[in-house]
Amino acid sequence: MTTVLITGGAGFIGSAIVEAALDKGWRVRVLDSLRPDVHGGEYHPHPRVEFVRADVRDTDALAVALFGVDVVCHQAAKVGLGVSFNDAPDYIGSNDLGTAVLLAAMAQSGVDRLVVASSMVVYGEGNYRDSSGRSTRPAARRVEDLDAGHFDPLDERGGPLLPELISEDAPLDPRNVYAASKLAQEHLAAAWARSTGGRAVALRYHNVYGPGMPQNTPYAGVASLFRSALERGEAPRVFEDGAQRRDFVHVRDVASANLAAIESLAAEGEQFRAFNVGSGIVHTIGDLASALSRYSGGPEPVTTGEYRLGDVRHITASSERLKSELGWRPGVSFDEGMAEFASAPLRAAVS
């Protein structure tokens, strides 16, 4: 029987992975600090879950949590774009130092398999083609263009760019502190694998949504913000012009991708491999807001023209590598997922 340690297993994605692993008949241990700025209400672990309440940087707790473990599924992290650059120390401490302490404890305990949660944000802007058909990656958008309502990136001549699906081989270009911390986690995992002879998989999540999303933290995803607004009887406020392209993937599909990655580590393969985790279907932020308004019977979205510096315009995934190499397939369609999410329970509000 596989024994898996899921760090951050009390969180939104971590909880879905716990449920999927239990359904597999695996032995599950969870390590989570239950940070009050993330977890509202009480946490009641499943009776079959061994729970260790501790920060991932606690070496004594890690020694206990790693005992008898076959594989670690590392979900513990501070997520979201952040409120300001003042968040940088917490991102780096939670995500990068936390990962380094975990990996050192794994090396000491002899646990040699790891799945780490990464993110689409490591790419920066998505992939584009210019008017000549050449693949290109635009520079970060300029404040003066955004202020003028010109949201789409342009080529060097000021011409339009055509957004495309991005593959794992695309250049990595993190453009905010959170993105930099996620890429550093990948580099740490790869370095650990080379140093110890272990094997690691990084899963680059695209826009994850579903039941149990955080309700009101400053770092909540856009799906949660729209859903929370509708629950208050307010119209979702859509930034820019709503045409930002994204890949929305259901949390149960993300959980199944983690299980596929865990199972792949039992076979021979590369020491480090990264996979996109997305639905493979492009939708816009405006599509998301409209679908949630429609399925909840709430007010129509309002497009504000506001923007957040550091947001990218278009980023959508090709998940072909995950499908072809690990046999994974998403099981929840956009409409099915949105209809469920429109009335699904959210994680309790934080104080």
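Positions are given from 1 along the sequence.
Using a 4.0 Å cut-off between charged side-chain N and carboxylate O, Glu306 and Arg237 make a salt bridge. A salt bridge links Arg141 with Glu240: the closest approach of a Lys/Arg side-chain nitrogen to an acidic carboxylate oxygen falls below 4.0 angstrom.
When every heavy atom of Gly9 is checked against every heavy atom of Tyr43, the shortest pair comes out as O-OH, 4.3 Å. When all heavy atoms of Ala107 and Thr196 are compared, the pair lying nearest together is CB-CG2, 3.9 Å. The two residues Tyr128 and Pro153 make their nearest non-hydrogen contact at OH-CG, 3.5 Å. Asp96 and Leu188 make their closest contact through O-CD1, 3.5 Å (heavy atoms, listed as atom of the first residue, atom of the second, distance). Closest non-hydrogen pair, Val277 versus Ala257, comes out as CG1-CB, 3.9 Å. Heavy atoms only, all atoms of each residue included: Val28 and Ala21 are closest at CG2-CB, 3.7 Å.
Other residues, nucleotides and ligands place more than 12 heavy atoms under 6.0 Å from the CZ atom of Arg232. At most 12 heavy atoms of other shown residues, nucleotides or ligands fall within 6.0 angstrom of atom CD in Gln108. Atom CG of Leu162 is surrounded by more than 12 heavy atoms from other residues, nucleotides or ligands within 6.0 Å.
The shortest distance between side-chain heavy atoms of Glu125 and Leu161 does not fall below 4.5 Å. For the pair Val72/Val4, no side-chain contact is recorded, criterion being any heavy-atom separation below 4.5 Å from C-beta on. Within the 4.5 Å cutoff, no side-chain heavy atoms of Thr3 are placed close to those of Trp26. Val18 has its side chain within reach of Val49: a pair of non-hydrogen atoms, C-beta onward, lies under 4.5 Å apart. You'll find the side chain of Asp247 stays beyond 4.5 Å of the side chain of Asn207, heavy atoms only. Considering only heavy atoms from C-beta on, Arg137 comes within 4.5 Å of Ile166 through its side chain. Looking at heavy atoms from C-beta onward, Val56 lies in side-chain contact with His74 at the 4.5 angstrom threshold.
Atom CD1 of Ile13 is separated from atom CG of Leu203 by 10.0 Å, given to the nearest 0.5 angstrom. Once rounded to the nearest 0.5 Å, the distance linking CG of Leu62 with CG of Leu102 reads 6.0 Å. Here the CG-SG distance, from Leu259 to Cys73, works out to 8.0 Å after rounding to the nearest 0.5 Å. The distance from the CD atom of Glu164 to the OG1 atom of Thr136 is 10.5 Å, given to the nearest 0.5 Å. Atom CG of Leu103 sits about 10.0 Å away from atom OG of Ser195, to the nearest 0.5 Å. In this structure, Phe341 CZ and Arg227 CZ are separated by 6.0 Å, a value rounded to the nearest 0.5 Å.
Sequence neighbours left out, the pairs with a member in residues 144-154 that pass salt bridge (Lys or Arg N to Asp or Glu O under 4.0 Å) are Arg142-Glu144, Arg142-Asp145, Asp152-Arg313. Within the structure, ring pair (Phe, Tyr, Trp, His ring centres under 6.0 Å) pairs that include any residue of residues 303-334 comprise His283-Phe334 (at least two apart or interchain). For residues 1-25, the pairs satisfying salt bridge (Lys or Arg N to Asp or Glu O under 4.0 Å) are Lys24-Glu263, with sequence neighbours left out. Identified under the salt bridge (Lys or Arg N to Asp or Glu O under 4.0 Å) test for residues 65-77, with sequence neighbours left out: none.
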side-chain contact (heavy atoms from CB on, under 4.5 Å) between Ser228 and Leu346, worked out: CA-CA 8 Å; Ser228 295; Leu346 299 181; 3.6 Å; yes
Chi angles and distances behind the side-chain hydrogen bond (donor to acceptor under 3.5 Å, both in side chains) call for Ser181, Asn95: CA-CA 6 Å; Ser181 77; Asn95 299 358; 2.9 Å; yes
Val249/Tyr205 under side-chain contact (heavy atoms from CB on, under 4.5 Å): CA gap, chis, key distance, verdict: CA-CA 8 Å; Val249 58; Tyr205 302 155; 5.8 Å; no
Worked verdict on Arg347 versus Ser224 for side-chain hydrogen bond (donor to acceptor under 3.5 Å, both in side chains): CA-CA 10 Å; Arg347 192 164 292 264; Ser224 176; over 6 Å; no
side-chain contact (heavy atoms from CB on, under 4.5 Å) between Ile92 and Leu97, worked out: CA-CA 6 Å; Ile92 302 306; Leu97 178 58; 6.0 Å; no
Worked check of side-chain contact (heavy atoms from CB on, under 4.5 Å) between Ile285 and Arg246: CA-CA 7 Å; Ile285 298 290; Arg246 295 291 187 269; 3.7 Å; yes
Steps toward salt bridge (Lys or Arg N to Asp or Glu O under 4.0 Å) verdict (Arg35, Asp55): CA-CA 9 Å; Arg35 280 178 59 147; Asp55 191 285; over 6 Å; no
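A donor atom on one side chain and an acceptor atom on the other are found under 3.5 Å apart for Gln185 and Thr99. With no hydrogens or angles considered, no side-chain donor-acceptor pair links Tyr209 and Glu340 at under 3.5 Å. Side chain to side chain, Tyr91 and Asn176 fail the donor-acceptor criterion of an N or O pair below 3.5 Å. With no hydrogens or angles considered, no side-chain donor-acceptor pair links Arg199 and Ser264 at under 3.5 Å. Side-chain contact annotation: Asp287 with Ser290, donor-acceptor N/O pair under 3.5 Å absent.
The hydrophobic cluster containing Ile6 does not contain Leu114, counting ILVMFWY residues as joined when their side-chain heavy atoms lie under 4.5 angstrom apart, directly or transitively. Linking Ile, Leu, Val, Met, Phe, Trp and Tyr whenever their side-chain heavy atoms come within less than 4.5 Å puts Val30 and Val115 in one cluster.
The salt bridge (Lys or Arg N to Asp or Glu O under 4.0 Å) search around Asp112 returns none, not counting sequence neighbours. By the salt bridge (Lys or Arg N to Asp or Glu O under 4.0 Å) test, Asp155 is found to be paired with no residue, residues two or more places apart in sequence or in another chain being considered. Listed by chain and number, the residues in a side-chain contact (heavy atoms from CB on, under 4.5 Å) with Ala342 are Leu292, Tyr295, Ser296 (sequence neighbours excluded). Remark: Arg204 pairs with Ser118, Val122, Tyr123, Glu168, Leu172, Glu186, Ala274, Asn276 by the side-chain contact (heavy atoms from CB on, under 4.5 Å) rule, at least two apart or across chains. Among residues two or more places apart in sequence or in another chain, the salt bridge (Lys or Arg N to Asp or Glu O under 4.0 Å) test is passed with Glu50 by Arg27, Arg29. Not counting sequence neighbours, the partners of Glu270 by the side-chain contact (heavy atoms from CB on, under 4.5 Å) test are Arg273. Legend: residues meeting side chain to side chain donor-acceptor pair (under 3.5 Å) with Thr316, ordered by chain and number and at least two apart, are absent. Residues satisfying the salt bridge (Lys or Arg N to Asp or Glu O under 4.0 Å) test with Asp60, not counting sequence neighbours, are none.
In this structure, the side chain of Thr304 engages the main chain of Val238 through a donor-acceptor pair within 3.5 Å.
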